[in-house]
Amino acid sequence: MKLIDPWEVKEVKDYNKLMKELGVSDFLQYSKKLKDSPLEIKRGLVLGHKDFSKIHEAISKKKKFAILTGLMPSGVFHFGHMSVINQVTYYQKLGAKIYLLAADLEAQLTRNIQEKKARKIAIEEYLLNYFALGLKKKNLEFYFQTIGPKKFKEYTNISKLASAKTNFNEVKNIYGDITPQKLISALTQTADIIYPQLEGIKTTLTPIGFDQLPHANFARDIASRMGFDLPAFTFHKLIPGLQGPTTKMSSSKPESYIGFNDDEKTVRNKINKYAFSGGQATLAEHKKHGGNPDVDVSFIWLKYLFEHNDKKLEKIELDYRSGKLLTGELKAILIERINSFLKQHNQKREKARKEIDKFTQFQ
Ligand code: TRP
């Protein structure tokens, strides 16, 4: 039964239902065990997994493992994209070999973004920001779906041979009615996920958002039928878009996200104007009843993206709940944090420019 469409998802309302019906296990035991993890793991944005025990064992016993993940280069790089990269850089520090891909084929097939444009976005928006966020070149293989990784021939063959290991009934069960372009994209994604095994690394983890869950099930079924090891996955909740706690940041809707190129004024205006508030309608009511941080986008962003200090976060939460901290004040905290993050990030990005030089030949 199709519960989620990876290409069309606009919001996710019930993560527990998704997890239960699509066979996802609770990640909590691992988020507690992993040391010095990024906020996404520590604070529970990464909510579910499949087969993470293999990865945990590889980390504990210092055995070889690989991370493979990718993003579709569909527009500007925004804070909705950061969670996956923070996880990737964390695993890279733990010794994982990293495979990162730009899904430029998928962007052409499903978003009608031409190859040249998709490559440019992938390099200048995504890759540049990945390096500025701490990704290292060592132990990293980056590729475009349209060009393929090092073992190009095996990779393209896998995406085609995978078609013999499924049928329209199964495809319909997982994805509903999909177009041929989407099916090709799904098979290509399966080849991406299997790829590290072609280079000899059997233990692999693909960190992705819950919107990508159908691809995980499809890839695991096909991988096992082709005689590969079962790839492991973690699934993170989507960082909400500015419009509300269950909405999504979307590159085609500038009022839904804060982009890494937004200037100070734009950040201030967007947060003040659009960030959904869990506060009360009037000052008097707010002081009396308090606000609700659980649905407040500014609080949620502080929790998962910006406030590393647990004590400070807790104080903000309590003050907001009690009504002592007002919506405008909470927004002001977030605005300050985003702008100081971006100021530092811009400097890192200038330094990272040299890292992307060798990729510009693909434009
Ligand atoms: N479908 C993903 C997206 O929409 C991109 C992607 C392609 C991907 N291949 C992948 C993600 C393999 C993880 C693993 O962003």
Side-chain angles (χ1 to χ4, degrees), residues 4-10 12 46 48-51 55 66-88 91 96-113 118-119 121-122 125-127 129-130 140-149 155-156 158-159 162 174-175 178-179 181-199 201 204-223 228 230-236 238-239 248-252 257:
I4 193 162
D5 179 335
W7 296 282
E8 305 302 333
V9 61
K10 300 222 164 45
V12 179
V46 181
H49 76 95
K50 285 177 185 266
D51 270 340
I55 305 302
I67 301 294
L68 176 127
T69 194
L71 285 167
M72 178 148 53
S74 55
V76 299
F77 192 79
H78 58 59
F79 280 100
H81 300 120
M82 191 165 82
S83 0
V84 72
I85 298 308
N86 284 346
Q87 294 170 62
V88 169
Y91 292 118
K97 163 98 197 249
I98 307 296
Y99 295 88
L100 262 183
L101 65 102
D104 57 342
L105 181 69
E106 187 181 3
Q108 280 187 75
L109 290 176
T110 68
R111 298 275 185 257
N112 213 359
I113 298 174
R119 295 234 183 109
I121 296 173
E125 285 286 330
Y126 290 66
L127 202 54
N129 283 302
Y130 295 169
L140 165 73
E141 182 173 344
F142 174 83
Y143 68 89
F144 296 91
Q145 280 180 328
T146 52
I147 301 173
Y155 167 77
T156 36
I158 291 282
S159 63
I174 296 181
Y175 295 105
I178 56 169
T179 60
Q181 296 95 303
K182 288 181 178 173
L183 180 55
I184 296 280
S185 301
L187 291 166
T188 306
Q189 183 149 346
T190 291
D192 291 327
I193 291 164
I194 290 173
Y195 180 69
Q197 297 195 45
L198 301 178
E199 285 203 351
I201 308 183
T204 74
L205 171 69
T206 294
I208 39 176
F210 268 99
D211 57 317
Q212 299 288 304
L213 178 49
H215 292 310
N217 288 349
F218 192 54
R220 279 165 62 89
D221 287 346
I222 289 179
F228 291 104
L230 276 178
F233 287 84
T234 58
F235 305 97
H236 53 266
L238 306 175
I239 299 272
K248 190 187 162 194
M249 282 183 245
S250 159
S251 300
S252 57
Y257 64 78

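Just so you know, residue 1 is the first one in the sequence shown, and it goes up from there. Order of listing sets the numbers, starting from 1, for every ligand and every atom in it.
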Look only at the side chain of Thr110 and the backbone of Ala107, and say whether a donor-acceptor pair between them is shorter than 3.5 Å. no
Taking Lys97 first and then Glu199, would you say they form a salt bridge - that is, a charged N and a carboxylate O separated by under 4.0 Å?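 Salt bridge flag = yes for Glu199 with Lys97.
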Do we get Arg220 above Phe233's six-membered ring, with its NZ or CZ under 6.0 Å from the centre and within 45° of the axis?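 Checked: cation-pi criterion not met.
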Hey, is ligand 1 close enough to [X] that some N/O pair sits below 3.5 Å?
X      : result
Met72  : yes
Glu106 : yes
Thr206 : no
His215 : no

Could you tell me which atoms of ligand 1, counted from 1 in the order shown, lie closer than 4.0 angstrom to a heavy atom of [X]?
X      : value
Ala103 : 5 (C), 7 (C)
Asp192 : 7 (C), 9 (N), 10 (C), 12 (C)
Leu71  : 15 (O)
Gln145 : 7 (C), 9 (N)
Leu68  : 12 (C), 14 (C)
Thr69  : 13 (C), 14 (C)

Students should be able to answer this: which protein heavy-atom is nearest to [atom], and at what distance?
atom                    : value
atom 11 (C) of ligand 1 : Gly70 O, 3.3 Å
atom 4 (O) of ligand 1  : Gln212 NE2, 3.5 Å
atom 6 (C) of ligand 1  : Gln189 OE1, 3.5 Å

Looking at CG of Leu100 and CD1 of Ile85, how far apart are the two atoms once the value is rounded to the nearest 0.5 Å? 5.5 Å
Is it true that Phe144 and Phe142 have ring centroids separated by less than 6.0 Å?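 Here the rings of Phe142 and Phe144 have centres that are less than 6.0 Å from each other.
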Check each of Ile98, Leu205, Val84 against Thr69 using the side-chain contact (heavy atoms from CB on, under 4.5 Å) test, and report the only one that passes. Val84
Using distance alone, with no hydrogens and no angle criterion, decide if Tyr99 and Asp192 have a side-chain donor and acceptor under 3.5 Å apart. no
Hey, are Gln189 and Gln212 close enough side-chain-wise for a donor-acceptor pair under 3.5 Å? yes
Return the orientation label for the Trp7 and Tyr175 ring planes: parallel under 30°, perpendicular over 60°, tilted otherwise.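 Tilted, since the angle between the ring planes falls between 30° and 60°.
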Determine whether the side chain, the backbone, both or neither of Thr188 has a heavy atom under 4.0 Å from any heavy atom of ligand 1. neither
